[in-house]
Amino acid sequence: DAGVTQSPTHLIKTRGQQVTLRCSPKSGHDTVSWYQQALGQGPQFIFQYYEEEERQRGNFPDRFSGHQFPNYSSELNVNALLLGDSALYLCASSQDRGLLWGTEAFFGQGTRLTVV
Amino acid sequence: AQSVTQLDSHVSVSEGTPVLLRCNYSSSYSPSLFWYVQHPNKGLQLLLKYTSAATLVKGINGFEAEFKKSETSFHLTKPSAHMSDAAEYFCVVSGGSYIPTFGRGTSLIVHP
């Protein structure tokens, strides 16, 4: 079992550009959540996808959007990038909504996004 | 509403001595509480979780935590630190369909 895999591992973008990050969940998991972890901070919940729909959203602007595919993999899209979007983006997969309902989530190694 | 406070940004111990990482939480419902560890350039790994069963929770690698409702605390302990324990530790409160809330993290430094 490969666990949760994310791609790419590192990315450099210019302010104003758009970016797409990808996540493949752990085998058997149907729920994918995305987190933003700024340097020196704890992860912050962006949103969760379950049954191909956004089920819960944290305090992030509409520039952050996502998608879940029938095979449960997911994408995170960020439009009109700002310097402040530079962070480690973590994907977590789980069964039954994971941390939202108090069950374990498995995390990928993350994508390090640098906006210049 | 919920929140979590990790009381120490850094904890420094010598190898073989006890570890204590402190976490306080607030929640308007019965929470689920977790400790995750993050090694450099690695993803988050679950150490242990509390979900309203036994208040003393045992996790991986010799870590354990005690849920104290009266003190709204969920401190992480280990009797004897190893060099491999050096990492960032996060306390998380969740449940009740509220979005999971992570603490700001405690960096554990282990000296030989």
Side-chain angles (χ1 to χ4, degrees), chain A residues 1-10 21 23-26 29 31-50 54-60 64 87-112, chain B residues 1-10 21-25 27-53 57 59-60 65 67 74 76 87-107:
Chain A
D1 182 6
V4 180
T5 58
Q6 292 186 242
S7 63
T9 54
H10 295 82
L21 311 182
C23 172
S24 293
K26 182 178 170 65
H29 287 182
T31 302
V32 173
S33 302
W34 287 93
Y35 293 80
Q36 181 194 66
Q37 186 178 15
L39 200 61
Q41 304 291 321
Q44 286 196 293
F45 179 85
I46 303 175
F47 44 53
Q48 182 181 81
Y49 276 82
Y50 173 68
E54 182 182 298
R55 298 291 181 168
Q56 197 93 1
R57 189 178 183 94
N59 188 25
F60 280 81
F64 290 78
L88 180 67
Y89 288 85
L90 295 164
C91 170
S93 76
S94 57
Q95 295 173 318
D96 302 328
R97 306 289 299 278
L99 288 178
L100 252 71
W101 283 359
T103 59
E104 181 180 359
F106 291 78
F107 285 80
Q109 291 189 314
T111 295
R112 174 73 62 187
Chain B
Q2 61 188 23
S3 67
V4 60
T5 302
Q6 292 184 241
L7 297 166
D8 306 291
S9 58
H10 296 82
L21 305 183
R22 298 182 294 164
C23 172
N24 286 355
Y25 71 92
S27 177
S28 54
Y29 54 90
S30 294
S32 295
L33 293 157
F34 302 78
W35 277 98
Y36 278 84
V37 61
Q38 187 176 35
H39 288 92
N41 301 316
K42 296 279 183 72
L44 292 155
Q45 180 185 19
L46 179 70
L47 282 176
L48 49 79
K49 62 182 178 182
Y50 166 79
T51 54
S52 74
V57 182
I60 62 171
F67 174 72
F74 189 58
L76 181 70
E88 192 80 16
Y89 291 78
F90 293 98
C91 181
V92 187
V93 61
S94 73
S97 290
Y98 289 96
I99 65 172
T101 302
F102 282 71
R104 295 186 64 165
T106 298
S107 178

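Numbers restart at 1 for each chain; the letters A, B, ... are given by sequence-line order, proteins then strands. Computed over heavy atoms, backbone and side chain alike; hydrogens, waters and symmetry mates excluded.
- Residue Phe47(A): no heavy atom, backbone or side chain, is found under 4.5 Å from chain B.
- Here Ser94(B) pairs with Leu99(A), Ser32(B), Phe34(B), Pro100(B) under the side chain to side chain contact (heavy atoms under 4.5 Å, CB included) rule; sequence neighbours left out.
- Comparing Pro43(A), Gly110(A), Ala105(A) by how many heavy-atom pairs each has under 4.5 Å with chain B, the most go to Pro43(A).
- Between the Gln6(A) side chain and the Cys91(A) main chain, a donor and an acceptor come within less than 3.5 Å of each other.
- Of all the listed residues (Glu104(A), Gln44(A), Gln56(A)), the one sharing the greatest number of non-hydrogen pairs under 4.5 Å with chain B is Glu104(A).
- Using a 4.5 Å cut-off between heavy atoms, Arg55(A) does not touch chain B at all.
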Would you mind writing out the side-chain donor-acceptor pairs for residues 42-49 of chain B within the sub-3.5 Å range, not counting sequence neighbours?
none

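- By the 30° and 60° cut-offs, the orientation of the rings of Phe107(A) relative to Tyr36(B) is perpendicular.
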